[in-house]
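Take a look at the structure below.
Treat the numbers as computed from the prediction; the structure is a model and nothing was measured. Proteins get letters first, then strands, A, B, ... in listed order; numbering begins at 1 in each.
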Amino acid sequence: MATEVDPIAEQQDRPLPDERLKEMLGTLMLCRYFDERMEALYRQGRLPGAFYSGRGQEGTHVGAATALRSNDSLFPTHRDLSAQLTKGLDLERVMAQYWGRIDGYLRGRDGNSHIGDWYGNRTFAVMSHLPIAYPVACGAALAYKRAGDDRIALAICGDGSTSNGRWHEALNMSAVLQLPVVWVVNNNQFAYSAPNPVEFHTATIAEKAAAYGMPGVRVDGGEVLEVFDAVRGAVERARNGGGPSLIESVSLRWRGHAGHDPATYMAPELLEEYMTLHDPVKNFQEKLLSWGVVTKDDIDTRSEQIVANFEAAHAFALASPFPEAGDAFLGNWTDDGYWTREPGRGGGTDAS
Amino acid sequence: MATEVDPIAEQQDRPLPDERLKEMLGTLMLCRYFDERMEALYRQGRLPGAFYSGRGQEGTHVGAATALRSNDSLFPTHRDLSAQLTKGLDLERVMAQYWGRIDGYLRGRDGNSHIGDWYGNRTFAVMSHLPIAYPVACGAALAYKRAGDDRIALAICGDGSTSNGRWHEALNMSAVLQLPVVWVVNNNQFAYSAPNPVEFHTATIAEKAAAYGMPGVRVDGGEVLEVFDAVRGAVERARNGGGPSLIESVSLRWRGHAGHDPATYMAPELLEEYMTLHDPVKNFQEKLLSWGVVTKDDIDTRSEQIVANFEAAHAFALASPFPEAGDAFLGNWTDDGYWTREPGRGGGTDAS
Amino acid sequence: MTADPKVEVAAAGHGAEPRGKRGEDGQATYLIAIAEALWEEMERDERVYMLGEDIGAYGGAFKVTEGFMDRFGADRVMDTPIAEETIVGMAVGSAMEGLRPVAEFQYADFMTSGFDEITTVLSRYHYRAGVPLPVVLRGPSGGGVRASSFHSINPEPWFAYAGGLKIMCPAFPSDAKGLLKSAIRDDNPTMFLEHKWLYRRIKEQVSTDPDVTVPIGKAAVKREGTDLTIVTYGAMVHKALEAAETLEAKGVSAEVVDLRTVYPLDEETVLRSIEKTSRALVLYESYKFLGIGSEVAAIIAEQAFEHLDAPVMRLAPPNLPVPFSPSLEDAFLPQVADIEAAADRLAAW
Amino acid sequence: MTADPKVEVAAAGHGAEPRGKRGEDGQATYLIAIAEALWEEMERDERVYMLGEDIGAYGGAFKVTEGFMDRFGADRVMDTPIAEETIVGMAVGSAMEGLRPVAEFQYADFMTSGFDEITTVLSRYHYRAGVPLPVVLRGPSGGGVRASSFHSINPEPWFAYAGGLKIMCPAFPSDAKGLLKSAIRDDNPTMFLEHKWLYRRIKEQVSTDPDVTVPIGKAAVKREGTDLTIVTYGAMVHKALEAAETLEAKGVSAEVVDLRTVYPLDEETVLRSIEKTSRALVLYESYKFLGIGSEVAAIIAEQAFEHLDAPVMRLAPPNLPVPFSPSLEDAFLPQVADIEAAADRLAAW
Ligand SMILES: Cc1ncc(C[n+]2csc(CCOP(=O)(O)OP(=O)(O)O)c2C)c(N)n1
Ligand SMILES: Cc1ncc(C[n+]2csc(CCOP(=O)(O)OP(=O)(O)O)c2C)c(N)n1
Ligand SMILES: [Mg+2]
Ligand SMILES: [Mg+2]
């Protein structure tokens with residue numbers, strides 16, 4: 001059965017030191033700004049490839065990733081770049097990936113949010129097929145359990161992905177083996193154009209946890225601390241040998257499935273409601289202001305930093321060369337050493 | 001949540017006319033005898049290929065299949081030959097299949113219980129990959145719903161198959177589309193050598209139904225009427241537009257996974273318990289005797305018929321020719337007409 | 001999900017039937033031709049229905065089925081959960097009960113997510129049990145649109161190996177429309193791969209006669225030539241034709257054979273062309289190792305040996321994930337210049 | 001689940017380590033050689049672990065891992081649920097964290113049930129993201145044991161096409177042991193296909209030195225000949241050698257090249273043999289259309305053209321489900337007599 005978490009945000013005692021709360025707000029603001037600017041560049045035809053906006057879901061992404069240690073592993077989807085940014089990915093290299101440049105985390109081999117940084121921030125390089133990283137997360141968790149250390153794996157996927165067989169296999173396997181893994185479902189209420197009722201027949205996703213004999217929790221993705229608290233609880237449980245948990249974080253996908261999608265299938269009232277009442281960035285900003293953790297000035301300063309960092313990263317990305325054509329044929333087998341040496345930087349093309 | 005069904009068998013009013021109860025007993029006896037004799041032939045090296053014994057699970061198979069109309073479709077597994085026999089498969093053609101002969105339902109193309117008779121008895125030809133027929137059952141059910149007739153599809157699989165992604169997808173899909181389908185899980189407590197705890201982490205399989213927003217029922221496979229009653233209820237529900245249901249029928253796999261498996265991993269006490277307390281054939285026989293529906297004589301007469309029929313079918317199978325070698329290259333495309341004409345009967349080989 | 005926003009935004013008007021989306025000149029793009037085939041077959045036979053992700057209200061990721069739900073209703077234009085194994089399984093089961101399903105994969109890349117139901121059930125069932133399965137699986141395949149590894153694959157060799165599916169990879173709008181209609185009318189399982197690079201790039205006059213079809217299993221000579229034969233299919237046909245022009249100028253006359261159907265393969269048309277030109281360049285976008293061209297080369301080596309004046313030459317991408325960066329993808333895929341160079345070497349042999 | 005009960009019942013003693021299961025003569029069957037390789041590598045490197053269905057207490061459907069759990073414990077000999085996608089995914093994730101998983105598929109047929117994780121994740125991850133994945137996928141493949149369609153497949157062409165897995169199909173116990181050890185020590189994903197027809201039929205003296213390995217990607221000439229070359233692998237190697245004997249008697253000297261590894265392919269050894277004999281018969285048990293032999297034939301046609309005195313000939317089963325009935329399966333699979341007939345035609349060409 002799904003158990004509603006008592007929103008810690010309402011409590012007087014704060015879940016984290018002020019510095020970390022401030023940091024969390026900064027991350028939320030960064031993710032929001034990055035998302036808005038990248039989408040704008042996409043619409044102007046200045047951003048190649050695809051763009052999947054995670055706007056409105058930053059509470060889920062930042063709340064979940066904040067509950068992880070740097071050596072815990074994260075298995076995200078195309079929608080979860082904000083979670084990867086929270087985990088620590090470098091803005092410059094992220095943007096270099098969008099522009100297909102050699103300094104991108106995947107050296108230009110993949111684009112957009114199909115990104116990852118295993119050795120640096122322990123994030124799995126996103127793959128399209130949904131939710132194909134879920135079974136992989138079981139494996140990382142298995143390794144932690146075997147090693148007897150207290151690391152954990154956290155995987156995110158969307159509401160629509162829960163109807164896929166891989167989702168079931170991974171949850172079931174993690175329960176049978178009692179693996180240290182946390183399953184987060186970013187229920188943004190749509191799978192591309194499909195609303196929840198087209199994807200599953202239960203009122204919530206959290207209640208499905210019972211079918212695996214694991215706890216299931218449903219939280220408000222508009223409240224980052226509510227998400228953080230629930231995920232932290234699940235993470236602690238996993239670290240201490242308590243096995244897997246499922247967390248459903250509910251929000252709304254504010255934008256289309258990807259940059260090209262006007263999402264005319266979404267009811268304007270619904271969007272209106274979420275943008276006004278469940279904006280994770282606005283809500284948290286107001287909370288910290290009311291708590292006196294930050295001042296209006298702090299926020300303005302942080303905003304300026306973010307804009308500056310974005311511009312710098314954008315410039316870096318555009319200045320980064322394309323991969324050399326010959327690189328296309330390297331890096332399949334470990335033996336050719338492509339991934340252990342610095343890549344050539346002589347690529348040149350005006351494509352994109 | 002799983003709801004225990006109140007075993008109708010205990011009630012005084014009988015669920016079926018005496019003639020049908022008698023028929024049910026006859027089918028149970030046939031399935032039991034067929035299973036014992038075929039295994040014996042296998043052990044003597046006289047039966048080619050593999051043999052998957054369904055002994056101890058006849059209550060599930062006969063109870064479930066008896067609740068179907070002849071034009072309802074059945075999607076079984078390797079373990080469920082008894083369900084196909086109940087649906088009406090002809091013993092002679094079944095045995096011809098085991099011996100790889102042209103008169104087998106699949107014309108020698110497949111063997112053992114990988115059998116089916118779509119046009120005759122509406123049973124899907126069994127495939128090994130588990131539970132690969134579950135999604136197919138959704139399709140048949142979809143066609144019935146589209147046609148607006150009241151036919152239904154019933155699919156069976158084992159406990160171990162519930163850990164596979166296809167199982168989840170099919171149940172979820174059937175719930176989303178509210179398809180007229182009944183999902184029966186033959187929980188014989190083992191998947192090859194794996195006991196339930198290796199396959200899933202819940203106490204029952206029936207409770208997993210809640211994750212799909214469908215009713216889940218757990219019944220005693222040792223009591224054929226209990227199974228019949230639960231399945232009949234689910235079938236009626238499906239016929240009347242009530243959507244899918246899940247039924248877990250609990251028994252024990254009395255024999256090894258297949259003829260070659262001594263099943264040394266199974267606790268003797270467990271086997272002992274089930275063979276004495278949960279023998280669906282013995283239990284039903286005693287019930288009908290106590291109800292006065294059958295006499296000892298009826299049973300003896302029926303037994304003799306069964307033995308005679310088995311011998312006749314065995315003789316028929318051995319007399320049936322092997323397929324002609326050239327048949328191996330026909331029947332892939334509908335265009336060559338192989339499946340719409342009588343097959344050649346000139347095959348000859350002393351193999352097997 | 002789409003390769004090029006500019007192109008996607010250019011998706012035709014909402015709710016209109018495909019015919020209405022042809023250009024001023026009455027020409028139909030490859031995409032519109034496909035939509036017309038679906039529309040006409042849905043009109044012709046009400047047993048035909050479509051299922052897939054986002055094909056209903058949304059009209060499909062590439063807008064191929066736009067307007068279909070309004071016309072045919074949600075029962076015949078079914079939106080499904082993200083469950084490819086079960087989408088295929090449902091198609092099979094409904095076909096066993098007399099329906100004629102056309103399942104759309106949002107990208108052909110996701111056919112691997114339904115691989116077992118496709119290759120174990122759909123591909124084998126008729127041979128094993130004699131029940132016809134008139135199922136069509138369709139989806140956008142191929143690269144060249146900067147969509148990277150997971151949105152650019154050419155899966156046809158995987159499914160051709162299975163042996164129980166007829167597989168089409170048309171290069172022109174007319175062939176696409178005619179072959180898709182044949183596929184929907186065929187009682188056997190078929191796979192129809194739509195090269196997404198062609199969707200809106202290629203257009204031509206396409207018959208409006210709903211009964212004009214193109215036979216499955218027949219290749220076509222798209223350009224006559226005498227010095228060598230380029231055997232190819234899909235998007236590469238257009239690169240081959242472009243290269244043939246330049247080669248002509250250089251005095252090399254190249255014949256271009258478009259396989260159109262990759263399984264079963266039209267050996268006769270290929271061999272007849274080789275008998276004429278005595279030189280074969282097999283060009284394909286599926287990976288080089290065990291791509292469709294491997295079989296074509298083997299067939300030529302086996303059956304046209306006496307006619308060959310030079311080795312069978314192959315040009316295809318390596319068996320690697322299709323990379324995203326333009327510099328990488330351009331090096332990865334055979335380009336017109338590569339074809340010319342190969343043809344020059346072959347002609348000079 | 002097994003093809004031949006008599007054979008299955010002959011499974012070696014319980015709990016013994018594989019070495020103890022060799023015959024009086026010290027020879028090891030193909031199955032025992034595989035078990036020894038696993039055992040020795042488990043001993044050598046504790047990062048190595050096995051996962052799969054019924055491999056623990058039961059010792060595996062074919063008893064390959066019998067006795068392993070007693071020796072290495074349930075953590076390193078893990079029984080899993082029936083969830084192939086997740087078995088592969090777990091192998092990948094654990095390899096990313098430094099383990100070296102060896103996943104057993106009860107039958108290679110069920111690799112299609114994990115197809116997406118194998119071809120989309122395992123095969124592509126290193127190229128895309130640079131993380132080595134030392135994962136071994138192993139399982140019994142091939143026909144000839146009356147096990148019918150779902151227990152007889154040769155899936156190697158499907159996985160070779162993916163391009164990111166090294167794939168081995170050994171024919172002899174020594175090669176099986178040496179190649180499996182190399183696979184387990186390789187930092188790249190590998191697939192090890194054990195032809196079940198060979199498990200207990202073929203035995204030979206096999207090195208007991210735990211450090212003797214066989215290099216991946218190298219073919220071997222198993223029989224010297226001068227008139228023609230039979231290029232083959234797996235169970236067919238033994239049929240080829242048998243045919244070569246009879247051919248010898250008839251005055252036809254056949255060389256037999258055993259590919260051993262089918263991806264990447266050892267082109268050099270194949271070509272060197274063709275240069276010598278000038279005639280090639282490509283024999284394979286994977287389906288004819290886009291089976292491994294299609295690529296071999298294409299390579300020969302492309303690179304040995306000048307040396308060929310006859311067309312490249314192919315002998316392989318059709319792309320159909322492997323049928324159960326002896327009369328059908330015997331007609332379906334290439335038999336020794338078919339090989340002789342083909343070789344005769346080729347030599348006479
Ligand atoms: C197996 C598979 N089928 C289809 C797709 C195409 N696709 C990409 S995203 C998407 C919708 C995903 O919805 P959800 O899981 O809710 O994630 P969200 O995009 O809402 O975050 C679909 C259908 C895919 N990526 N993988
Ligand atoms: C996808 C898949 N993986 C593995 C197998 C091999 N296999 C055949 S039966 C079986 C056990 C099935 O257990 P269960 O589902 O409980 O059915 P039962 O045999 O007990 O009736 C296994 C693992 C298979 N048939 N399909
Ligand atoms: Mg969603
Ligand atoms: Mg079972």
Side-chain angles (χ1 to χ4, degrees), chain B residues 42-43 45 47-52 78 97 99-102 104 106-112 114 127-132 158 160-166 191-194 198-200 257-261 263-265 321-329 331-332 347-352, chain D residues 1-11 14 53-63 74 78-87 106-107 109-114 116-117 145-153 317-333:
Chain B
Y42 174 88
R43 297 207 165 285
L47 180 69
F51 182 72
Y52 307 100
H78 59 286
Q97 158 136 342
W99 271 273
R101 309 311 170 96
I102 196 63
L106 302 189
R107 296 186 174 188
R109 284 157 190 250
D110 214 333
N112 60 64
H114 288 80
M127 302 197 173
S128 294
H129 303 53
L130 294 166
I132 206 159
S161 304
T162 63
S163 50
N164 190 278
R166 285 182 275 258
Y192 210 141
S193 71
V198 171
E199 299 288 348
F200 49 88
H257 167 64
H260 66 272
D261 170 19
T264 49
Y265 45 80
F322 285 97
E324 284 170 1
D327 288 3
F329 308 97
N332 190 43
T349 164
D350 49 18
S352 100
Chain D
M1 298 305 304
T2 182
D4 178 352
K6 274 74 71 194
V7 172
E8 187 60 42
V9 170
H14 291 260
E53 295 150 15
D54 310 292
I55 64 172
Y58 188 66
F62 287 87
K63 299 293 180 194
M78 282 179 51
D79 278 327
T80 68
I82 304 166
E84 281 74 10
E85 282 255 53
T86 300
I87 288 169
Q106 204 153 81
Y107 280 83
D109 302 75
F110 304 130
M111 288 176 170
T112 52
S113 300
D116 219 1
E117 292 283 339
V145 297
R146 313 306 187 211
S148 76
S149 169
F150 305 121
H151 299 79
S152 302
I153 208 161
N319 295 63
L320 298 171
V322 181
F324 170 70
S325 189
S327 62
L328 298 175
E329 190 177 31
D330 291 346
F332 182 90
L333 292 174

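- There is no contact between B:Arg43 and chain D, counting heavy-atom distances below 4.5 Å.
- For the atom pair OG of D:Ser113 and CG of B:Leu130, the computed distance is 8.5 Å after rounding to the nearest 0.5 Å.
- Annotation: side chain of D:Asp54 is not in contact with side chain of B:His257 (no heavy-atom distance under 4.5 Å).
- To the nearest 0.5 Å, the span separating CD on B:Glu199 from CD on D:Glu53 amounts to 7.5 Å.
- The aromatic rings of D:Tyr58 and B:Tyr192 sit tilted relative to each other, their planes meeting at an angle between 30° and 60°.
- With a 4.5 angstrom heavy-atom cutoff, D:Leu320 touches chain B only via side-chain atoms.
- With sequence neighbours excluded, the residues forming a salt bridge (Lys or Arg N to Asp or Glu O under 4.0 Å) with D:Glu329 are D:Arg146, listed by chain and number.
- Within the model, atoms CG of B:Asn164 and CD of D:Glu84 stand 6.5 Å from one another, a figure rounded to the nearest 0.5 Å.
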Worked check of side-chain contact (heavy atoms from CB on, under 4.5 Å) between D:Phe110 and B:Ser128: CA-CA 9 Å; D:Phe110 304 130; B:Ser128 294; 4.0 Å; yes

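- Not counting sequence neighbours, B:Arg109 has no partner by the salt bridge (Lys or Arg N to Asp or Glu O under 4.0 Å) test.
- Heavy atoms closer than 4.5 Å to chain B are found in the side chain of D:Thr112, but not in its backbone.
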Worked verdict on B:Glu324 versus D:Leu328 for side-chain contact (heavy atoms from CB on, under 4.5 Å): CA-CA 7 Å; B:Glu324 284 170 1; D:Leu328 298 175; over 6 Å; no

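- Of all heavy-atom pairs between B:Ala191 and D:Ile82, the closest is CB-CD1, 4.1 Å.
- Scanning all heavy atoms of the two residues, the minimum distance from B:Ser163 to D:Pro81 falls at OG-CB, 3.5 Å.
- Using a 4.5 Å cut-off between heavy atoms, B:Tyr265 contacts chain D through its side chain alone, with no backbone atom that close.
- Of the possible polar contacts, one joining the D:Ser327 side chain to the B:Pro323 backbone as a donor-acceptor pair under 3.5 Å is found.
- Aromatic ring orientation, D:His151 versus B:His114: perpendicular (interplanar angle above 60°, classes split at 30° and 60°).
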